[in-house]
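Working notes for the structure below.
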Amino acid sequence: MALSASALRDRAPRTAGTPLRPSGNLRRRMALSRALEAVATAAALFAVALLIDVAVTVITNGAPAISFAFLTQSANGLSGGGIANALLGTVVMVVFGAAIAIPVGILVGLFLTEVAGPRSRLAHLLEVVLDMLQGVPTVVVGIVVFGLIVVPQQKETGFAGAIALSIIMLPLIARASQQVLAVVPPSFRQAADALGVERWRTVIGVILPAAAGGILTGAILAVARAAGETAPLLLVDSLYHPNAIQLQPFGNGVPSVPMFIYTTYDLPSVSGITLAWGAALVLLTGILVANVGARLMLSRTRRRMGL
Amino acid sequence: MSSIGSIGSRLRDRAGAHSSLGDRVMYALCATGGLIAAAVIAEMIYQVVHGAGPAISRDGLAFVLHSRWNPFFNRFGGGQGLYGTLVSSAIALVLATPLGISIGLYLGVMASPRVRAVVGPLVEMLAAVPSVIVGFWGVIVLAPFVAHHVEPFLHGALGFIPIFGTPQTTGLSLFTAGLTLTLMVLPIIAALSRDLFLTVPRELTDGAAALGATRWEVIRGVVLPTTAAGVAAAVVLGLGRALGEAIAVLQVIGGGHGISRNLFLPSDALAPRIAQEFLSPEGQEIPALFYLALILLVIELVISVVARRIAGRFSVHRTVTT
Amino acid sequence: MSAHGGELAGERAPEVAARLRLHGQPVAGAGDRRLDAEPARETVFEIRDVAVHYGSSQALGWTTLDIHRHEVTAVIGPSGCGKSTFLRSLNRMNDTIPNFRLEGEVLYRGHDLYAPATNRVEVRRRIGMVFQKPNPFPKSIYDNVAWAPRNLGMRAGLDERVERALRHAALWDEVKDRLKQSALGLSGGQQQRLCIARAIAIEPDVLLLDEPASALDPIATASIEELMHTLKHRYTLVIVTHNMQQAARVADRTAFFALDLSGSQRVGTLIEYAPTRTLFTNPSDPRTRDYITGQFG
């Protein structure tokens with residue numbers, strides 16, 4: 001020991017016996033800390049207040065439009081009507097898009113976790129691709145689908161809209177699947193491997209069922225995101241009969257709720273604005289309910305997987 | 001193409017002599033999924049470059065900075081849109097970065113788990129509100145408020161700075177577009193930075209607290225420095241979101257032409273112009289719109305690579321909830 | 001159980017405690033006489049009927065004991081017996097754990113640590129802590145030590161303060177040429193001594209050590225133990241350890257905690273508290289005897 005004990009022996013710190021109230025510069029430091037904590041708390045409250053303000057605006061403006069007829073009748077120009085055809089059109093396109101994006105997304109998730117392995121170069125590359133896909137603005141997705149489908153067909157169609165929505169959903173579902181698959185307990189795989197079960201049987205029989213809840217959560221959130229997209233539809237599915245139900249996306253333009261909101265709002269009439277808000281209320285309600293439901297489901301899955 | 005080759009070799013490793021037919025089918029299917037994702041990106045680049053072809057061969061790179069947009073005289077340039085996009089996104093970033101990090105700190109460091117479990121999803125739900133609804137909220141609530149209170153106040157107090165010029169009565173302006181984008185970027189930065197702050201090891205924050213540090217000192221001394229790279233990536237991802245937004249910005253930016261230093265004047269931006277002009281394109285406009293999309297795509301691809309690069313050891317990417 | 005603990009604490013023999021340095025080095029010079037003239041009877045902590053709950057489960061049973069100035073007090077016992085909970089209650093490190101609740105009183109030099117007027121930050125500024133796993137900040141060696149003094153506004157003579165702290169932690173000679181390099185490049189033992197240097201740089205009154213050597217190799221452990229012998233002349237030390245030999249080597253007094261399995265819950269309980277030599281050579285509780293002779297835990 002380089003240091004002699006006597007060098008260490010010293011008086012107790014000046015503060016030793018005094019009450020445990022702030023000493024030295026602590027009063028000022030506490031004030032600074034509390035002030036900044038208050039700022040952070042206020043920022044969080046501000047964000048929640050923003051959400052509430054948006055929701056209240058939509059509710060107060062949209063509630064007068066809501067009626068049974070509003071949900072069950074098709075649009076009827078300036079004279080009122082409802083959003084039944086737009087609602088059905090959105091459902092058709094979203095379901096169609098999800099039917100493509102969910103299986104492909106799950107396959108990408110499986111590729112990242114089961115085939116390539118989390119640390120491999122290939123997985124890294126694919127993650128870069130997913131990052132890029134998610135970063136592409138939805139209006140660019142629209143213009144790409146315009147060039148890919150609308151131009152060759154010489155026609156705006158619900159099919160083109162559904163493809164655009166599936167491109168938007170794909171990276172979301174792939175990422176969500178990857179995250180859930182990555183936390184399936186390795187013991188599940190090892191147990192199956194130890195029994196000499198083929199990997200694909202393990203994946204279908206054990207891993208996917210274990211991750212199903214989480215993947216479904218991701219899929220619902222992705223669908224909710226896609227259902228509210230306007231920009232790509234503006235480019236590839238904006239020409240449709242506004243007052244008719246159209247459930248056949250191939251070769252036909254299909255109406256949608258976001259496009260209904262966007263176009264009705266521009267109509268030169270007060271009732272048009274109310275209809276647009278009514279549609280916004282329906283859309284927002286659906287999206288927020290899907291969000292809450294998906295989150296509740298996720299926490300249930302987490303508990304079941306013991307996370 | 002090397003990626004396809006390595007997929008092949010990887011599959012041979014995995015699906016080697018021991019693998020059954022079923023396993024090989026599964027690996028091939030999964031690889032197909034990955035290839036589809038990669039093909040979509042490749043197709044995007046091809047479509048946008050192909051569609052912009054006529055405009056590229058006519059105007060070349062000069063298009064990017066040329067600021068006139070006149071379909072009747074076939075004069076197109078991306079300069080004005082680029083200006084509007086960059087300025088509105090900059091406003092959003094300047095506001096949303098400190099706010100978002102503050103919210104992240106509140107949720108990740110300060111709030112109890114119970115509060116976090118409620119407030120966190122509420123903040124994320126802000127990101128789930130469709131842009132068309134955010135845009136209407138911007139027109140109905142935000143723009144009048146900005147026109148009557150914020151812009152006159154800023155003009156009065158800071159009018160000597162050219163960017164705070166004379167306001168319009170509508171409130172539809174580059175500034176309002178920036179505020180609207182703030183709302184859309186805020187939950188991204190908040191949620192991603194919260195997730196980062198939650199990864200700071202307990203030992204480090206405890207160690208700092210045991211040295212008689214206040215909460216703010218723990219944050220400034222330990223939490224922020226250890227996550228700085230990830231937070232920077234989160235901010236860049238937020239920027240990516242702001243740069244690409246079309247509908248909400250279209251609704252509140254006012255559709256002005258020309259470049260002005262005054263933020264309180266109507267303006268235009270890349271993504272909203274694509275969305276709007278596509279409703280009724282004139283003559284040679286479509287290739288020019290593809291050119292705008294190309295500019296946006298290049299910016300966004302660069303951003304996703306940059307975000308990944310600066311994130312370093314952190315895995316920061318937007319998720320299905322942001 | 002509280003009465004039992006209190007009784008034992010009351011039996012303290014100050015002269016024995018002051019002189020009981022099992023492996024302590026002979027202290028040279030005039031200082032020795034001063035030590036002798038001033039037996040370490042002064043009480044730093046009076047722990048009165050303290051119980052700790054996490055939600056509905058109780059982690060620590062009713063505990064009463066006194067901790068004396070300029071002594072090393074060791075807390076031993078099998079894992080899960082509430083040792084760390086007890087230690088972390090002494091500088092309010094448990095406060096941030098959800099549903100933490102403390103009953104009873106912890107008096108530090110006569111002041112209630114858990115009184116409403118007590119400032120938690122001030123508590124930790126005076127009662128420092130070193131953790132089980134070395135936790136240097138991802139900063140330079142210098143900045144690790146200088147960080148807390150800077151916060152506290154001790155900017156004058158900062159270089160000297162850093163050097164002094166590193167010397168007192170017996171680390172100076174090893175790091176003086178690379179103060180600007182990252183602390184994460186140090187070995188585990190060096191990191192832990194850096195954490196000690198970091199803690200003493202702000203001149204606390206008490207140093208709590210939570211199994212400070214459990215993650216270290218024997219040589220690093222020996223250097224930490226040696227350090228404790230010198231540090232106790234200036235600070236009051238409380239060390240949690242699961243290593244009985246370590247307690248016997250470094251501590252003046254030892255508290256033995258064990259799980260009380262009599263109730264429905266497994267509650268950590270103080271079994272015996274005595275001068276270290278007494279506890280190890282002549283324990284009064286059969287459970288202590290069983291533990292130190294290796295029959296359980």
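In what follows, every chain begins at residue 1, and chains take the letters A, B, ... in the order their sequences are listed.
- Between A/E229 and A/L165, the shortest heavy-atom distance links the atoms CB-CD2, 3.9 Å.
- Only the side chain of B/Q251 comes within contact range of chain A, judged by heavy atoms closer than 4.5 Å.
- Proximity to chain A is limited to the side chain of B/A246, based on heavy atoms less than 4.5 angstrom apart.
- The candidate with the highest count of non-hydrogen atom pairs below 4.5 Å against chain A, out of B/I36, B/I140, B/L183, B/I274, is B/I140.
- Of the two parts of B/I133, only the side chain, counted from C-beta on, holds a non-hydrogen atom closer than 4.5 Å to a non-hydrogen atom of chain A.
- B/V141 touches chain A through its side chain: at least one heavy atom from C-beta onward sits under 4.5 Å away, while N, CA, C and O do not.
- The shortest side-chain heavy-atom distance between B/F136 and A/I273 does not fall under the 4.5 Å cut-off.
- For B/L126, the parts lying under 4.5 angstrom from a heavy atom of chain A are both the backbone and the side chain.
- Using a 4.5 Å cut-off between heavy atoms, B/M125 touches chain A through backbone and side chain atoms alike.
- Both the backbone and the side chain of A/A222 come within contact range of chain B, with heavy atoms under 4.5 Å apart.
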Would you sort out whether A/N291 and A/L221 count as a side-chain contact (heavy atoms from CB on, under 4.5 Å), showing the intermediate values?
-> CA-CA 6 Å; A/N291 257 272; A/L221 290 169; 3.2 Å; yes
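- Contacts of A/I287 with chain B are made by side-chain atoms alone, with heavy-atom separations under 4.5 Å and no backbone atom involved.
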For the pair A/T60 and A/W277, evaluate side-chain contact (heavy atoms from CB on, under 4.5 Å) and give the outcome as yes or no after the intermediate values.
-> CA-CA 9 Å; A/T60 50; A/W277 281 111; over 6 Å; no
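- Highest contact tally toward chain B, considering only A/L126, A/V108, A/V139, A/T138, is held by A/V139 [criterion: heavy-atom pairs under 4.5 Å].
- A donor atom on one side chain and an acceptor atom on the other are found under 3.5 Å apart for A/S33 and A/E37.
- Only the side chain of A/R225 comes within less than 4.5 Å of a heavy atom of chain B; its backbone N, CA, C and O stay farther away.
- Heavy-atom distances place the backbone of B/T322, and not its side chain, under 4.5 Å from chain A.
- When each of A/L283, A/L172, A/L239, A/D131 is checked for heavy-atom pairs under 4.5 Å with chain B, A/D131 comes out on top.
- Heavy atoms of B/T321 lying under 4.5 Å from chain A belong to its backbone as well as its side chain.
- Both the backbone and the side chain of A/L148 have a heavy atom closer than 4.5 Å to some heavy atom of chain B.
- Contacts between A/Q179 and chain B at a heavy-atom distance below 4.5 Å involve the side chain alone, from C-beta outward.
- Interface check for chain A: of the options B/V305, B/V25, B/L107, B/L301, the most heavy-atom pairs under 4.5 Å are formed by B/L301.
- Heavy atoms closer than 4.5 Å to chain B are found in both the backbone and the side chain of A/T230.
- With rounding to the nearest 0.5 Å, the separation of CG in A/L170 from CD1 in A/I168 is 11.0 Å.
- Only the side chain of A/V58 comes within contact range of chain B, judged by heavy atoms closer than 4.5 Å.
- Between A/I106 and A/L208 the shortest side-chain heavy-atom distance falls below 4.5 Å.
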